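For ligands, and for the atoms within them, numbers begin at 1 and follow the listed sequence. Just so we're clear, the structure is a prediction, and the values are computed from it rather than from any experiment.
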Amino acid sequence: MRKLCHCGQGMSLDFRVLIFEGVIEIDRVPIFECEKCSHYEVLPAVKPDLLALLGELKASGEQGLVLFNEVNELADVMFSIFRSWNQTESPSFEVLLEQKCKERINLLLDVFGCAKEMNDGEWMDDISKRLSQMSDFVNNSQFLRAN
Ligand SMILES: [Zn+2]
């Protein structure tokens, strides 16, 4: 997955810890980082969710480390591919991502079925939120379309 930096260099996908106001640490955030000027930006697809999480953490006064991939399904799928991805042998990151996103959506739909059967409203809400994180990306992804 690549993107162009404002300096003209290519940017590549990476994960990093972001620290807000010195007290809130969010790790495993997918970012694009420039190979030349060290400029980076949060992956646009997860930005609204990251900001929402930050708002919640601020409001609750919680401090310490949060793993972003535990609250965002897309980041989780990307992180698991990223960790095991071998650039020379595997299919492209985008192909893997599309495939894994579809698998994850199917899994979540199964889990949603269980939650519904048990009449667990809170669980259903959690799963719907995770499903929308994935399906928004799959339906609107500029990367999947561009590639
Ligand atoms: Zn740059």
Side-chain angles (χ1 to χ4, degrees), residues 1-113 115 122-147:
M1 290 182 65
R2 293 176 68 83
K3 183 182 163 91
L4 271 190
C5 180
H6 54 72
C7 77
Q9 270 295 310
M11 299 175 91
S12 47
L13 181 73
D14 204 350
F15 287 79
R16 69 153 63 188
V17 57
L18 300 179
I19 300 171
F20 299 93
E21 296 169 8
V23 288
I24 300 172
E25 283 180 60
I26 305 181
D27 200 0
R28 299 185 185 168
V29 178
I31 56 148
F32 281 113
E33 185 163 38
C34 179
E35 287 149 15
K36 193 175 160 198
C37 75
S38 84
H39 170 76
Y40 74 90
E41 48 194 78
V42 172
L43 191 81
V46 304
K47 207 168 181 178
D49 226 51
L50 180 69
L51 293 175
L53 173 67
L54 193 59
E56 279 171 32
L57 291 172
K58 269 189 192 170
S60 70
E62 255 179 80
Q63 297 190 355
L65 185 75
V66 175
L67 296 178
F68 189 62
N69 68 316
E70 288 181 356
V71 295
N72 184 285
E73 290 296 309
L74 181 61
D76 193 44
V77 172
M78 283 182 153
F79 187 67
S80 68
I81 299 171
F82 189 75
R83 251 191 322 194
S84 59
W85 186 48
N86 181 329
Q87 209 154 349
T88 54
E89 291 169 22
S90 303
S92 79
F93 193 89
E94 289 80 1
V95 169
L96 278 172
L97 184 61
E98 190 173 3
Q99 182 192 333
K100 297 285 173 196
C101 280
K102 283 179 182 161
E103 286 174 15
R104 182 66 65 96
I105 287 172
N106 285 333
L107 181 76
L108 286 169
L109 287 171
D110 285 349
V111 176
F112 187 82
E122 206 172 304
W123 194 13
M124 282 161 70
D125 287 349
D126 181 58
I127 302 297
S128 331
K129 193 177 138 195
R130 290 172 184 274
L131 270 169
S132 72
Q133 289 165 350
M134 298 294 293
S135 54
D136 286 355
F137 179 73
V138 171
N139 294 335
N140 305 321
S141 176
Q142 56 199 4
F143 308 111
L144 298 180
R145 218 179 290 139
N147 288 285

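Distance alone, capped at 3.5 Å, is enough to place a donor-acceptor pair between the Gln133 side chain and the Val71 backbone.
In summary, His39 places no N/O/S atom under 2.8 Å from the Zn ion (ligand 1), failing the contact criterion. Between the Zn ion (ligand 1) and His6 there is no N/O/S contact shorter than 2.8 Å.
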Could you walk me through whether Leu74 and Asp49 pass the side-chain contact (heavy atoms from CB on, under 4.5 Å) check? CA-CA 10 Å; Leu74 181 61; Asp49 226 51; over 6 Å; no
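Taking the charged nitrogens against the carboxylate oxygens, Asp76 and Arg130 have no contact shorter than 4.0 Å, which rules out a salt bridge.
Annotation: angle subtended at the Zn ion (ligand 1) by Cys5 SG and Cys37 SG is 110°, to 10°.
None of Phe32, Phe79, Tyr40, Phe68 except one satisfies the ring pair (Phe, Tyr, Trp, His ring centres under 6.0 Å) rule with Phe15; the exception is Phe79.
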